[in-house]
Amino acid sequence: MELKLAIGSDHAGFRLKEAVKKHLNRRGIEYKDFGTYSEESCDYPDIARDVAIAVKNGEFDFGILICGTGIGISIAANKVKGIRAALCHDTFSAKAARAHNNANILAMGARVIGEGLACEIVDSFLSAQFEGGRHQRRVDKIHEIENMQD
Ligand SMILES: O=C(CO)[C@H](O)[C@H](O)COP(=O)(O)O
């Protein structure tokens with residue numbers, strides 16, 4: 001799989017990010033780590049912004065964002081036009097996020113799930129394909145809402 005990912009977390013997600021990076025290394029999947037690089041307290045919107053803009057600009061196929069709950073970092077990423085960040089804590093949702101919502105960022109909460117499940121969620125997200133059709137119409141409507149804000 002020739003994928004290039006952007007990955008980032010805040011301090012709460014740092015350890016899980018390291019575990020996900022190890023998993024990606026084992027699978028031979030290329031990624032760029034946008035930080036944070038320690039467990040020192042930082043602000044998740046800063047990381048969400050950098051990853052989301054890089055994905056939106058087409059430098060990466062997908063993004064992975066991790067904070068304590070996954071909530072704040074996904075909310076922040078979704079403020080970037082063209083970003084569809086999906087907070088997933090199960091493999092079914094991760095697959096549907098790609099198949100139905102054409103999500104381009106996977107968000108997870110390190111204080112919610114463990115490393116094993118997180119890596120399975122990453123695999124489900126990356127292996128699923130957008131189904132298009134009626135789902136494309138709905139994704140288009142999401143972006144119509146986005147464009148109403150101009
Ligand atoms: O989950 C999060 C945002 O949704 C953050 O990781 C969490 O709020 C950080 O909390 P603290 O500064 O107390 O470690």
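None of these values were measured; they are calculated from a predicted model. First listed ligand is number 1; within each ligand, the first listed atom is number 1.
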A.B. asks: Among Val55, Asn57, Asp50, Val51, exactly one meets side-chain contact (heavy atoms from CB on, under 4.5 Å) together with Ile53. Which residue is that?
C.D. replies: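 Single pass found, and it is Asn57.
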A.B. asks: Please name all residues satisfying ring-ring contact (aromatic ring centres under 6.0 Å, His included) with Phe60, sequence neighbours left out, ordered by chain then number.
C.D. replies: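 Once residues adjacent in sequence are excluded, the partners of Phe60 under the ring-ring contact (aromatic ring centres under 6.0 Å, His included) criterion are Phe34.
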A.B. asks: Is any side-chain heavy atom of Arg27 closer than 4.5 Å to a side-chain heavy atom of Val122?
C.D. replies: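 Not in contact.
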A.B. asks: Mark yes or no for whether Asp10, through its side chain, and Cys42, through its backbone, hold a donor-acceptor pair below 3.5 Å.
C.D. replies: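 Checked: no pair found.
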A.B. asks: Would you mind telling me which of Ile73, Ile47, Val20 makes a side-chain contact (heavy atoms from CB on, under 4.5 Å) with Ile66?
C.D. replies: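 For Ile66, the side-chain contact (heavy atoms from CB on, under 4.5 Å) check succeeds only for Val20.
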A.B. asks: Could you check Lys95, Arg138, His135 and say which one makes a side-chain contact (heavy atoms from CB on, under 4.5 Å) with His100?
C.D. replies: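 Going through Lys95, Arg138, His135 one by one, the side-chain contact (heavy atoms from CB on, under 4.5 Å) with His100 is satisfied by His135 alone.
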A.B. asks: Please tabulate, one line per pair, the protein nitrogen or oxygen atoms found under 3.5 angstrom from a nitrogen or oxygen of ligand 1, with distances to 0.1 Å, or say none if there are no such pairs.
C.D. replies:
residue	atom	partner	partner atom	Å
ligand 1	1 (O)	Gly68	N	3.1
ligand 1	1 (O)	Thr69	N	2.9
ligand 1	1 (O)	Thr69	OG1	3.2
ligand 1	4 (O)	Thr69	OG1	3.0
ligand 1	4 (O)	Gly72	N	2.9
ligand 1	6 (O)	Asp10	OD2	2.6
ligand 1	6 (O)	Gly68	N	2.8
ligand 1	10 (O)	Arg111	NH1	3.4
ligand 1	12 (O)	His11	NE2	3.4
ligand 1	14 (O)	His11	NE2	2.8
ligand 1	14 (O)	Arg111	NH2	2.8

